[in-house]
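Being a predicted model, the structure only gives us computed values, none of them experimental. Only this structure's heavy atoms are used, side chains among them; waters, hydrogens and symmetry mates stay out.
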Number of protein chains: 4
Amino acid sequence: MRSDTREGAPVKAKRVPRAQREQQMLDAAVRIFSRSGYHAASMDEIAEACDVSKPMLYLYLGSKEELFAACIRREADRIISAFASAADPSLDPGEQLFRGLTAFFGFVAEHRESWIVLYQQARAQGEPVVEDVTAARHEVVTAVTALLRRGIREAAGERTRADGEDTGPDRGEAAAMAQVIVGAADSLAGWVLDTGPEPPEETARRLMSIIWIGLEPRLRGARYEG
Amino acid sequence: MRSDTREGAPVKAKRVPRAQREQQMLDAAVRIFSRSGYHAASMDEIAEACDVSKPMLYLYLGSKEELFAACIRREADRIISAFASAADPSLDPGEQLFRGLTAFFGFVAEHRESWIVLYQQARAQGEPVVEDVTAARHEVVTAVTALLRRGIREAAGERTRADGEDTGPDRGEAAAMAQVIVGAADSLAGWVLDTGPEPPEETARRLMSIIWIGLEPRLRGARYEG
Amino acid sequence: MRSDTREGAPVKAKRVPRAQREQQMLDAAVRIFSRSGYHAASMDEIAEACDVSKPMLYLYLGSKEELFAACIRREADRIISAFASAADPSLDPGEQLFRGLTAFFGFVAEHRESWIVLYQQARAQGEPVVEDVTAARHEVVTAVTALLRRGIREAAGERTRADGEDTGPDRGEAAAMAQVIVGAADSLAGWVLDTGPEPPEETARRLMSIIWIGLEPRLRGARYEG
Amino acid sequence: MRSDTREGAPVKAKRVPRAQREQQMLDAAVRIFSRSGYHAASMDEIAEACDVSKPMLYLYLGSKEELFAACIRREADRIISAFASAADPSLDPGEQLFRGLTAFFGFVAEHRESWIVLYQQARAQGEPVVEDVTAARHEVVTAVTALLRRGIREAAGERTRADGEDTGPDRGEAAAMAQVIVGAADSLAGWVLDTGPEPPEETARRLMSIIWIGLEPRLRGARYEG
DNA sequence: CATGAATGAGTATTCATTCAT
DNA sequence: AATGAATGAATACTCATTCAT
C-alpha cells in the first residue's frame, strides 16, 4: 500500500492501461462534443478534460474525426441496446413501442450528452462525419421499423379483404412512420431536457397518446382524409 | 446601353444597391452554411460565393455570427409565413394543420437549404449562436402550439364535465404536442429529401394519418393506457 | 517624397503588390531551404525572413511543398538559361561546353543558395518533392546531352568507316557522358564553395582539362581498355 | 528445442544479443533514412521496422542523430573498404582506379541504400549532422586523392624539367580531380540505377573512357587551353 | 461603392524522447 | 533484456477580421 494514501497533492492517475484510458477519452470527448459541437471542440480541450496529453489521444484514437466517429458508435450502441433490451418481442407491438420509448427517454434523461452528440451535433456536420451518423441513426430507425412491420402484418391478418383493396400501410410507409416516431421522440426528448425532468414513462405515454392512438387504426388501414 | 460595351471581358456586375447585395449575401451564406455547417463554413468561401470582397461582407453584415443570425431570421420568417398564410383561421384546426403542413413540406422541398440551416445546423451550435436559433425555432413551435390550443379549447367546449375531471391536455401538453409535430415533420421532411420527391400534400397526409387520428381524440381527452 | 525620409523606426515596407511579394518570398525560401534543408526549414522561419505573416505565404504560394517546388522551378530556370545563353551554338562543342561551364560555375559562385537548393537539398527529399527536382535536373542534363550529340555527329562525320566498325559513342553513351559532366561539375562546384573562391574560368578549365581531353578522343571512338 | 513449442502464436525472436540487435537496427535505419531522408524518417518507423521498442533503440544507439551518424560510419567503412581492397597498390594508378571504380559500382548496385544515405542524404542535412557526413565523404575522396597523388608523382618523375616550369597538377588539383571522379561516379551510379543494370566493369569502363584518357595526360602536365 | 493586402490567434497533428514496470 | 504508457515542444496550415487605397 502506498504511504501517501492520506491524499497529498492531486495525484495524477498514471500508467492506466489502454482499454481503460480509451473509455476515459471517449467520456471526455462526448462531453465536450455535446457541449460545443464538433468543430468548436478542440483536441486540446478534450485532452485536458481527460487529463491526458494530446499525443496519447492521437495514439489511441487516431484523429479528431475518428474520435468523433468512435463517440457516435459507442453512444449509438448504448442507445440501441437500451431500446432493444426493453422491447420484449413476446409482447404486442404497441406495448413494445411503449417500453422501448420509456427506455429511450430514460436513457436520454440520464445521458443527455450521449443523446446530444448523437442526434443534434451529428446531423449538423458537413460531409466527412455525416455518414457515420446517418448510419447510426439508420440503425435506430430500422429497429423501430421492424417493430411496425410486425404490427402491420398482424393487423393485416385481421383485416377483411373482401373488396380486394388494402388501404393499409405498405413497406415504404412503415419507414415513414418510423421516421415520424424517431423524429417525434427526438424532439420530445429535447423538449423534456429543456423544460425540466419528468419520469420517462410519462414522456413515453405523452408520445404514445399522440402517436399510437393514430398509428394503431392506421395499421388497420384508416387514413386521414383532409 | 452601357458606354463600355466595346470591352469584351466578363463585366463584373458592379454598383449593386445595398439592399440587393445583402440579399445576395444571405443567399450565398444560407447555401454554404447548410452545406458545411456554421463552423466549417468560412467567410472566404461565402464572400467568393456571392462574388463580393470580404470587406463588403463585413461592412454589410457585421460578423460571421451576425451573418448567421441574419440567415436564421430571414429563413425563419419565410417558413413561418409560409405556414401561417396557409392556415386560414376560419377553418377547423385539423384542416388548418393539414394545410400548414402541406405548405411546410412544399417549402422544405423547394428551399431545403433554408430548412437545414434553420433546423439542423441551428440546433447544433454552441453557446454564441444558439439563442438566435432557439428563438426562431420557438416561433415555429409557437405557431403550431397556438393552433393546437384553439383545438383544445374547442374540444373542451364540447366535452362533458359531468364528473368534474378533465383528462384533456393542459397548457404544457399543447407545447409537447407541438414539439412532436414539428419534430415529426422535420424528420419526415428529411426522409422525403433522401428517398425522393413526392407531392407535399401526400407527405402532409402521411403525417396527419399518424398524428391527427391520434391527436384529435387526445384533444377530446383520450389517453394511451399502456 | 515622404517626410520621414531621414529614417525613424524600421519602416515596415507595406502594401507590396503581389508579384513583387512573391519574389521576396521565394528569395527568403531559397535562402532558408538551402541553409537547413526542406524538412528542417519551418514556414515560420521563412515567413519571418521575408517579413510577412504566414497567411500571406500560404495565400500566395499554397503550401510548403508548393513553395519548395516554386523555388526549384525558379532556380532551375535561372541556371539553365545561364548555361544556355553562354553556349553560342555557332561555336564548336568543346568551346560551347567550356563557356557553358564557365557560366555555370560563375552562377553557382554568385548564387550558391540557388545551387544548393537545386542540387543537394532537392535530391535528398523523399517521395513528394523528388519529382519536381528530378525533372529540373533532367533539363540540365538534357541541355548537355544535346551538346554532346552534336559533337558526336560531327566527329562521326570525320571518322573513317573503312572497317565498318564504329566504336564511337552511341545515343545511350551520350547520356552517360552528360551525367558524368553534370555530376563532376556539381561536385566541383561544391568543392569550390568549400575551399574558397576562384575565377569561374579557372574551375571550368580544371574540369575541361580532365573531361574534355578524354572526351574529345572518346567522341572520335577511343576507349579505355583496362 | 524451446520448451514453449506448444504455443502456436508467432514467437517474437527475443533475447537477441546486443551486437546483433545493433546491426538489425542499423539495417532498418539505413533503409528508412535512404527512403525518406533524415528528417522525414521517424524513430517510430525505424523501431517498428526492426521490430524493437523505441526504448531499446535509444538505449543502444543514443539518439536520432547518433543513430544517423552510426549509419553513415558503417556504410562509409563498407564502401571505403570495398574500394580500397580492390585497388591493389602494386598495380599502376590507372588500373587501380579502374578496379576501385568497378568495386564501387558493384557495391552501389548491390547496396543502393547505403550509397544514398551516404552521399545524397548526407549532404543535404543542416548543421547538426553535416559534419559526420562531410568527414565520411572526405575519407572516400581522400582514398581517391591518394591514388592520384601517386600517379602525379610517378608522372612527374618522368616529366622533363628542362624549362624549370611544371604545369602538372599541384596538391590542390589532385583534390579537385578526386572531386570530379567521385562526383562523376556518383552521378553515373545514379544513372545506372535509373536506366537499368549493367555489369559494374562496363560502368567503370565508361567512366574511365571519359576521365582517364584525359586524366592521364593531365597528370603529365597537359591542359585544356580553351 | 469596392477591394487587394495583411495578420493575430488559433487548430490538428507529429516527433524525439523518457519513465515505470 | 525489454516495453507499454506518457509527454513537451514543434509544425503546417486556416480563419475571422481589418487597413490602406
Side-chain angles (χ1 to χ4, degrees), chain A residues 12-22 39-47 51-67, chain B residues 12-18 21 39-47 51-60 62-67, chain C residues 12-22 39-47 51-67, chain D residues 12-18 21 39-47 51-60 62-67:
Chain A
K12 265 198 158 182
K14 282 190 172 186
R15 261 334 103 154
V16 176
R18 175 166 185 154
Q20 190 181 336
R21 259 288 138 82
E22 278 183 351
H39 266 99
S42 88
M43 293 298 267
D44 280 277
E45 214 179 342
I46 295 172
D51 214 53
V52 161
S53 68
K54 265 188 300 177
M56 288 304 290
L57 209 52
Y58 278 90
L59 185 61
Y60 286 176
L61 275 317
S63 74
K64 191 182 186 181
E65 210 174 308
E66 286 173 90
L67 172 57
Chain B
K12 265 197 161 181
K14 285 184 173 186
R15 302 283 143 173
V16 175
R18 172 158 186 159
R21 260 288 142 84
H39 265 100
S42 86
M43 293 298 268
D44 280 274
E45 215 179 341
I46 294 171
D51 213 53
V52 159
S53 70
K54 270 187 298 176
M56 287 303 293
L57 207 53
Y58 278 88
L59 185 61
Y60 285 179
S63 76
K64 190 183 186 182
E65 212 174 307
E66 288 173 84
L67 171 58
Chain C
K12 265 198 158 183
K14 282 189 171 185
R15 270 321 114 151
V16 176
R18 175 166 185 155
Q20 189 180 337
R21 259 287 138 84
E22 278 184 350
H39 267 98
S42 89
M43 293 299 266
D44 281 275
E45 214 180 341
I46 294 173
D51 215 52
V52 161
S53 68
K54 261 188 301 176
M56 289 303 291
L57 209 52
Y58 279 90
L59 184 62
Y60 285 177
L61 275 318
S63 75
K64 190 182 185 182
E65 210 175 308
E66 286 173 89
L67 171 57
Chain D
K12 264 198 165 182
K14 286 185 171 185
R15 302 282 143 174
V16 175
R18 172 158 188 163
R21 261 285 141 86
H39 266 99
S42 87
M43 293 298 267
D44 280 273
E45 215 180 342
I46 295 172
D51 213 54
V52 160
S53 69
K54 270 188 298 178
M56 288 303 293
L57 208 54
Y58 278 87
L59 185 62
Y60 285 179
S63 76
K64 190 184 187 183
E65 212 175 307
E66 288 173 84
L67 171 58

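Put simply, D:Y58 has a side-chain N or O that comes within less than 4.0 Å of OP1 or OP2 on E:dT17. At E:dA6, none of the side-chain N or O atoms of C:R18 fall inside 4.0 Å of OP1 or OP2 (strictly under the cut-off).
For A:K64 (side chain) and A:S42 (main-chain N/O), no donor-acceptor pair under 3.5 Å exists by modelled atom type.
If you check E:dT13, F:dG8, E:dA6 against the side chain of A:P55, the one that comes closest is F:dG8. When each of F:dC15, E:dT13, E:dA16 is scored by its nearest atom to the side-chain atoms of D:M43, the top-ranked nucleotide is E:dA16. Counting only heavy atoms from C-beta on, D:M56 has its side chain closest to F:dA2 among F:dA2, F:dT7, E:dT7. Side-chain atoms of C:S53 lie closest to E:dT7 of the nucleotides E:dT7, F:dA6, F:dA16. Across E:dA2, E:dT11, E:dT17, the shortest atom-to-atom separation from the side chain of B:Y60 is found for E:dA2.
Rounded to a whole Å, the CD1 atom of D:I46 is 8 Å from the P atom of E:dA16. When the C1' atom of F:dA16 is taken as reference, atom CG of C:L59 falls 14 Å away, rounded to whole Å. In this structure, CD of D:E45 is placed 8 Å from P of E:dC15, rounded to the nearest angstrom. Counting to the nearest Å, the C1' atom of E:dT7 and the CG atom of C:D44 are 13 Å from each other. Taking atom NE2 of residue C:H39 and atom P of nucleotide F:dA12, one finds them 9 Å apart after rounding to whole Å.
Comparing D:P17 and B:S63 along DNA chain F, the residue whose closest nucleotide (by nearest heavy atom) sits nearer the 5' end is D:P17.
Under the Watson-Crick and G-U wobble criteria, each requiring two contacts below 3.5 Å, nucleotide E:dA20 is paired to F:dT3.
No donor-acceptor contact under 3.5 Å links the side chain of A:K64 to the base of E:dT11. Taking 3.5 Å as the limit, the base of E:dT17 and the side chain of D:K54 contain a donor-acceptor pair of atoms between them.
Two residues are said to be in side-chain contact when any heavy atoms from C-beta on lie closer than 4.5 Å; A:E66 and A:L61 fail this criterion. Put simply, the side chain of B:L67 reaches to within 4.5 Å of the side chain of B:I46, judged on heavy atoms.
Within the 4.0 angstrom heavy-atom criterion, no nucleotide atom of any strand lies near A:A47.
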